[in-house]
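Residues: numbered from 1 along the sequence shown.
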Amino acid sequence: MALNWTMLNSDRTPVHLPRESTIMTVDSGAEVSLTIPDTPPTASAASGGSGGERKLQGTGKLFLTDQRLIFVSESDGGGSTAFNTLTLPLPSILSARFEQPYLGSNYVSIDIRPSPDGGLTPGTRSEIRLKNQGIFQLVSLLEKTRERAVYMRRQLREEEETLPAYASPQGPSRGGGTPVDAPPGYEA
């Protein structure tokens, strides 16, 4: 959930994170539109105005890895409604839905949880359309990969949150089956 933060190689492919592998690549024709709500006013806007909703669009390549969904535009995002890259860590995808409108092409609708200082706000939505191929394979792989990434993150949290093993208290705490600190008249 970071806008224009992806590190790119000279051939405009993303630099992989440690232990990251690519699952699917869409080499061209991926259309991504972002709707960013409640955007604060830009420096060029007149003072006192509200930011409102901002819509950005880009066409380029899409990379699905085992850790992220990455969009890289064909150019360096020259217009005011264009962007260069979009990085979505898979656990930050709140939901992904396959949409089939009556008129128009099928697309994936994604609700995004933004990261701090990533350029996006809560409530950000994205739509992905593919010009040169069907989108169902992307939807299927995205859901499976996202579920696995969320599962792995939960496993790591559970391992970190496990309580340490406690040893039994040292010394005599029981005398003949009755605790030493038992109230008067208590028998086990």
What's the shortest heavy-atom distance between [X] and [Y], and which atoms?
X    : Y    : answer
T121 : P37  : OG1-O, 2.6 Å
R153 : P91  : NH1-CB, 3.6 Å
F71  : G60  : CE1-N, 3.5 Å
K131 : T59  : NZ-CG2, 4.1 Å
I93  : R146 : O-NE, 2.7 Å
K55  : T35  : CG-OG1, 4.3 Å

Rounded to the nearest 0.5 Å, how far apart are [atom1] of [X] and [atom2] of [Y]?
X    : Y    : atom1 : atom2 : result
L120 : L88  : CG    : CG    : 8.0 Å
I70  : L86  : CD1   : CG    : 9.5 Å
Y107 : I128 : OH    : CD1   : 12.0 Å
L130 : S28  : CG    : OG    : 10.0 Å
I110 : R125 : CD1   : CZ    : 12.5 Å
Q137 : L64  : CD    : CG    : 10.0 Å

Contact between [X] and [Y] at the side-chain level, heavy atoms closer than 4.5 Å - yes or no?
X    : Y    : answer
P101 : N106 : yes
R12  : N84  : yes
F83  : V32  : yes
L90  : D66  : no

> Can you tell me if T65 and E20 form a side-chain donor-acceptor pair at under 3.5 Å?
Replying inline: yes
>> With a 6.0 Å cut-off (strictly less than), is the heavy-atom count around CD of E99, excluding the residue itself, greater than 12?
In response: yes
> Can you list the steps and then say if K144 with R148 is a side chain to side chain contact (heavy atoms under 4.5 Å, CB included)?
Replying inline: CA-CA 6 Å; K144 289 176 185 173; R148 178 163 170 70; over 6 Å; no
Decide whether [X] and [Y] are clustered together by the hydrophobic rule: side chain heavy atoms of Ile, Leu, Val, Met, Phe, Trp, Tyr closer than 4.5 Å, transitively.
X    : Y    : result
L62  : L141 : yes
V108 : F136 : yes
V26  : L34  : yes
V72  : I23  : no

> Given D111 and R97, is the salt bridge (Lys or Arg N to Asp or Glu O under 4.0 Å) satisfied, shown in steps?
Replying inline: CA-CA 9 Å; D111 293 325; R97 294 176 306 280; 3.1 Å; yes
> Can you check side chain to side chain contact (heavy atoms under 4.5 Å, CB included) on M24 and L142, steps first, answer last?
Replying inline: CA-CA 9 Å; M24 180 183 181; L142 177 62; over 6 Å; no
